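One structure below.
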2 protein chains.
Amino acid sequence: MSDLPRISRQFSQRSVMEAIVQGGPISRASISKLTGLSKQTISEIVRGLEQEGWVQETGRTSGHVGRTAVTYELVHDAAYIIAVDLGGTKVRVALTDLACQIFAEAATPTDPRGGQFVIDQIAALAFQAAARERIPRKKIRLAVIGAPGAPDPATGRILLAPNIAGFDAMNVLDAFEKALGVAVMIENDVNLAVLGENWLGQGQGIDNLAYIALGTGVGSGLMLGGHLVRGATHAAGEIGFMPIGADPFAAESLRTGAFERAVATHAITERYRSLTGTQVAVPAIFENAAAGDKGALAVLDETARYLAQGIAAIAAVANPEKVILGGSIGLRPEILSRVKALMPLCFPYPVTVEAGELGARAALIGAAAIGLGQLHNTLFGVDAPDGRISLPTAQAAALKEVVL
Amino acid sequence: MSDLPRISRQFSQRSVMEAIVQGGPISRASISKLTGLSKQTISEIVRGLEQEGWVQETGRTSGHVGRTAVTYELVHDAAYIIAVDLGGTKVRVALTDLACQIFAEAATPTDPRGGQFVIDQIAALAFQAAARERIPRKKIRLAVIGAPGAPDPATGRILLAPNIAGFDAMNVLDAFEKALGVAVMIENDVNLAVLGENWLGQGQGIDNLAYIALGTGVGSGLMLGGHLVRGATHAAGEIGFMPIGADPFAAESLRTGAFERAVATHAITERYRSLTGTQVAVPAIFENAAAGDKGALAVLDETARYLAQGIAAIAAVANPEKVILGGSIGLRPEILSRVKALMPLCFPYPVTVEAGELGARAALIGAAAIGLGQLHNTLFGVDAPDGRISLPTAQAAALKEVVL
DNA sequence: TTAATTCGTTCTGTCACCGAACTTATTGAC
DNA sequence: GTCAATAAGTTCGGTGACAGAACGAATTAA
């Protein structure tokens with residue numbers, strides 16, 4: 001396998017690879033039928049891929065009439081990527097192979113000192129995991145970092161990142177590339193969550209998808225027409241500033257965002273305090289509601305009412321087929337059921353609202369998805385601007401259970 | 001020129017065509033430098049294009065050292081497209097040639113009987129215009145229809161189309177194709193308006209753009225990452241239903257839309273009536289405001305206040321670089337100036353808001369843009385899914401003045 | 001054993017493209 | 001005026017990515 005495989009074969013190689021990735025062990029004759037390319041060409045391409053170490057023989061067919069066929073398969077460990085979900089309180093790191101299987105996953109509290117400390121922490125976690133699984137560093141090709149805020153690929157900086165100290169003043173991309181020694185992609189964590197749910201979760205096969213992460217803050221990720229929407233300054237989905245729920249012209253709304261002030265953690269505890277006079281954390285409010293506390297129930301009702309309006313706004317602007325709720329609050333069934341009931345009362349067209357299937361790991365899985373897509377693209381595709389490699393769901397499904 | 005040119009040359013031909021379209025009269029040597037293809041290849045491709053009638057010699061260079069070069073140019077009249085902007089009250093029809101010049105434009109009141117009558121009316125207008133300019137029907141390759149509502153390419157129907165009688169019950173696409181005898185694309189008129197402003201108006205070179213058409217109703221068109229956003233049911237941009245300005249849970253808001261009830265024509269006249277007790281049409285209110293009528297001024301202030309919130313919601317969700325106002329009300333400078341002043345008070349990040357440059361013809365020009373892009377794609381490109389042909393601005397600029 | 005069937009290779013051919021060498025037509029310098 | 005220098009365009013040979021037909025090889029059903 002060459003170290004920097006510059007593969008000249010153009011478009012066919014890509015589809016052959018896709019057939020092999022999707023089709024599991026597959027014979028060359030079947031690839032030929034699938035791709036429409038001649039058997040001869042397939043043999044050439046597969047020979048090349050085998051020489052470079054990307055695919056390998058795995059067996060032969062048997063049972064049906066005719067000659068037995070040699071089947072080929074991805075070499076799973078030909079390359080690895082690092083997927084990272086970097087939150088304000090917790091870092092998750094995972095290693096994925098080419099066949100979309102997660103090998104190692106680790107999660108620890110984020111280093112509170114921020115900045116370079118966090119970056120070194122992530123690098124250490126990743127390399128420990130690699131060492132544990134005996135993965136040679138050379139085979140790690142790419143790292144995808146999900147982080148809150150609006151990463152700007154041009155400058156490598158992350159704008160609007162409130163959660164990690166020191167990140168607003170440094171070139172995060174460069175620092176990661178130096179620490180990890182591989183190419184790095186940084187993407188907003190909620191954007192990754194949409195990708196994750198689109199790949200393995202609630203949004204499979206849905207090209208128009210919105211993900212709302214509701215917790216300490218609110219953010220949303222949007223996938224429209226199969227493309228991630230990033231916006232002009234990579235700030236698309238900063239729905240905390242939607243003029244819904246609180247007076248948008250209030251000074252406080254310019255800082256925190258009107259919608260965030262209506263639905264996020266602080267809004268909920270504040271609402272409960274003003275109703276009952278007691279200051280309680282969000283989980284306790286949910287408990288109280290379950291126990292029949294009228295104040296808590298009213299708080300949930302009101303929060304859901306604003307959330308439904310926010311979803312209506314997104315639906316009116318972007319018309320997603322499905323809206324997925326995530327985040328510590330968005331995942332609560334008490335919220336989901338209320339929002340589901342309220343939606344038809346404030347929006348005329350049907351909008352499907354569901355809770356995310358991947359829970360807190362949506363962003364991590366999304367990072368793996370985007371990284372694997374990117375890797376397949378750079379390794380086997382030409383620069384097709386639209387190039388979305390469809391990753392296999394079957395094998396990756398294992399990932400959902402293997403981990404944690 | 002073959003009647004159905006199936007051009008086998010793959011990707012190079014496309015870039016050669018693009019160089020010729022963009023570069024005006026251009027020599028083969030220059031094309032070679034521009035595209036990176038060898039001189040030899042360019043000569044071959046250009047020879048092919050010339051034989052098929054798409055390009056022609058136009059002259060020779062002179063002045064600089066070295067041999068003179070033969071320059072080539074598009075054959076402007078090699079193909080035409082029909083662009084239609086079908087409104088509830090007015091139909092506009094235009095004919096455009098391959099070089100993006102509008103040849104004929106006509107506008108008349110929409111046939112009030114709706115349905116097939118409107119389709120026949122449009123066909124008649126188009127063919128009259130073609131005959132006037134001596135354009136043979138064979139050279140018309142495509143028609144693009146802009147219409148309110150959500151056209152569904154799968155069924156050919158237009159959903160949510162309130163303005164034209166009978167359109168909700170028929171296969172509009174089929175009917176148009178039968179009447180016009182060419183391939184037809186139907187697109188939402190506001191979506192076309194974004195494309196128009198993106199091509200020749202306020203949004204040139206801007207990949208993340210929103211267009212808000214404000215008049216009898218409100219609608220918006222969104223271009224994000226260079227792609228038109230259509231949404232799951234082609235209802236993206238139906239911002240009339242954003243839960244802003246009126247109570248979204250009110251029964252009336254489910255029918256008309258809360259935001260529409262806050263900013264569109266009816267809201268303005270109603271607001272003026274409740275303030276002054278007199279029922280006046282919108283233009284009169286603007287006149288009164290200009291004359292210093294306090295009630296009228298208050299109405300404009302309040303309307304702009306809600307509009308600014310709507311823009312804030314779009315900006316929060318989609319993060320466009322620029323928001324363009326259009327429609328009979330959106331184009332008024334009184335509205336624009338107010339909105340510009342209000343934006344920073346209700347949204348923390350800068351959003352550029354401007355009035356459309358193309359006025360009521362934005363959708364028509366957008367129809368031409370999408371049609372020309374599509375035509376260049378089918379004629380000279382392979383099925384590149386992302387394929388946006390960049391149309392020349394210079395020549396098309398003439399179009400802005402020639403017409404009407 | 002034979003026929004039917006499928007896999008995979010070999011051989012030949014085509015097409016898109018490149019690069020080098022060469023011809024042709026200019027302008028500018030002496 | 002002649003002679004570089006320069007640029008445009010063609011001819012020629014070559015390469016790599018395919019296709020298609022023919023053929024050998026391996027397997028099962030009859």
Side-chain angles (χ1 to χ4, degrees), chain A residues 2 5-20 23 25-52 55-73 380-384, chain B residues 5-20 23-52 55-73 380-384:
Chain A
S2 63
R6 182 131 308 263
I7 290 160
S8 66
R9 230 180 215 92
Q10 300 270 319
F11 297 87
S12 318
Q13 182 161 44
R14 187 203 178 89
S15 30
V16 171
M17 248 340 247
E18 212 166 329
I20 296 176
I26 189 172
S27 74
R28 281 167 289 179
S30 310
I31 301 176
S32 169
K33 273 177 219 146
L34 265 173
T35 59
L37 296 162
S38 73
K39 289 193 290 179
Q40 206 278 333
T41 304
I42 302 296
S43 280
E44 273 178 39
I45 294 177
V46 169
R47 183 156 40 245
L49 288 170
E50 196 177 8
Q51 268 169 29
E52 302 200 33
V55 303
Q56 67 193 155
E57 271 190 54
T58 39
R60 329 192 107 251
T61 58
S62 67
H64 23 284
V65 238
R67 183 175 167 178
T68 54
V70 180
T71 55
Y72 289 83
E73 201 177 40
F380 313 115
V382 217
D383 41 0
Chain B
R6 183 133 306 262
I7 290 161
S8 66
R9 226 178 220 94
Q10 299 268 319
F11 298 87
S12 319
Q13 181 160 44
R14 187 202 179 90
S15 32
V16 170
M17 252 336 252
E18 211 166 330
I20 296 176
I26 190 172
S27 74
R28 279 166 293 177
S30 310
I31 300 176
S32 168
K33 273 177 220 148
L34 265 173
T35 58
L37 297 162
S38 73
K39 288 193 292 181
Q40 208 277 337
T41 304
I42 302 297
S43 281
E44 272 179 40
I45 294 177
V46 169
R47 182 157 41 246
L49 288 170
E50 195 176 8
Q51 270 171 28
E52 303 199 32
V55 302
Q56 68 193 155
E57 270 189 55
T58 40
R60 326 190 108 253
T61 58
S62 68
H64 24 283
V65 243
R67 181 174 169 179
T68 53
V70 181
T71 57
Y72 288 83
E73 203 176 41
F380 312 115
V382 216
D383 41 357

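First the proteins, then the strands, lettered A, B, ... as listed; each starts at 1. Bear in mind that the values here come from a model prediction, so they are computed numbers and not experimental data.
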Item to complete: Using heavy atoms to find the nearest nucleotide of DNA chain C for A/Gly66 and A/Ala29 separately, return the residue whose nucleotide is more 5′.
Response: A/Gly66
Worksheet item: Base, sugar-phosphate, or nothing: which does A/Ser38 touch, judged by heavy atoms less than 4.0 Å apart?
Response: base
Worksheet item: At under 4.0 Å between heavy atoms, what does B/Ile42 touch on the DNA or RNA strands: base, sugar-phosphate, or nothing?
Response: nothing
Item to complete: Identify, with sequence neighbours excluded, every residue that meets side-chain hydrogen bond (donor to acceptor under 3.5 Å, both in side chains) alongside A/Ser30.
Response: A/Ser27
Worksheet item: Taking only residues two or more places apart in sequence or in another chain, which ones pass side-chain hydrogen bond (donor to acceptor under 3.5 Å, both in side chains) with A/Thr35?
Response: none
Worksheet item: Picking from C/dC17, D/dA19, C/dG8, which would you name as closest to the side chain of A/Ala69?
Response: C/dG8
Worksheet item: Can you tell which of C/dG8, D/dT27, C/dT9 lies closest to the side chain of A/Ser43?
Response: C/dT9
Send over the distance from [X] [atom1] to [N] [atom2], rounded to a whole Å.
{"X": "B/Ile45", "N": "C/dA16", "atom1": "CD1", "atom2": "C1'", "value": "8 Å"}
{"X": "A/Arg60", "N": "C/dT6", "atom1": "CZ", "atom2": "P", "value": "17 Å"}
{"X": "B/Leu37", "N": "D/dG9", "atom1": "CG", "atom2": "C1'", "value": "16 Å"}

Fill in: OP1 or OP2 of D/dA8 under 4.0 Å from side-chain N/O of B/Arg28
no
Worksheet entry | Phosphate OP1/OP2 of C/dC7 contacted by A/Thr68 side-chain N/O (<4.0 Å) | no
Discussion item. Nearest 0.5 Å, please: how far is CD1 in A/Ile26 from OH in A/Tyr72?
Written reply: 12.5 Å
Collect all protein-nucleotide pairs involving nucleotides 21-25 of chain D in which both atoms are nitrogen or oxygen and the distance is under 3.5 Å.
| unit_1 | atom_1 | unit_2 | atom_2 | d |
| --- | --- | --- | --- | --- |
| D/dG24 | N2 | A/Arg67 | NH1 | 3.0 |

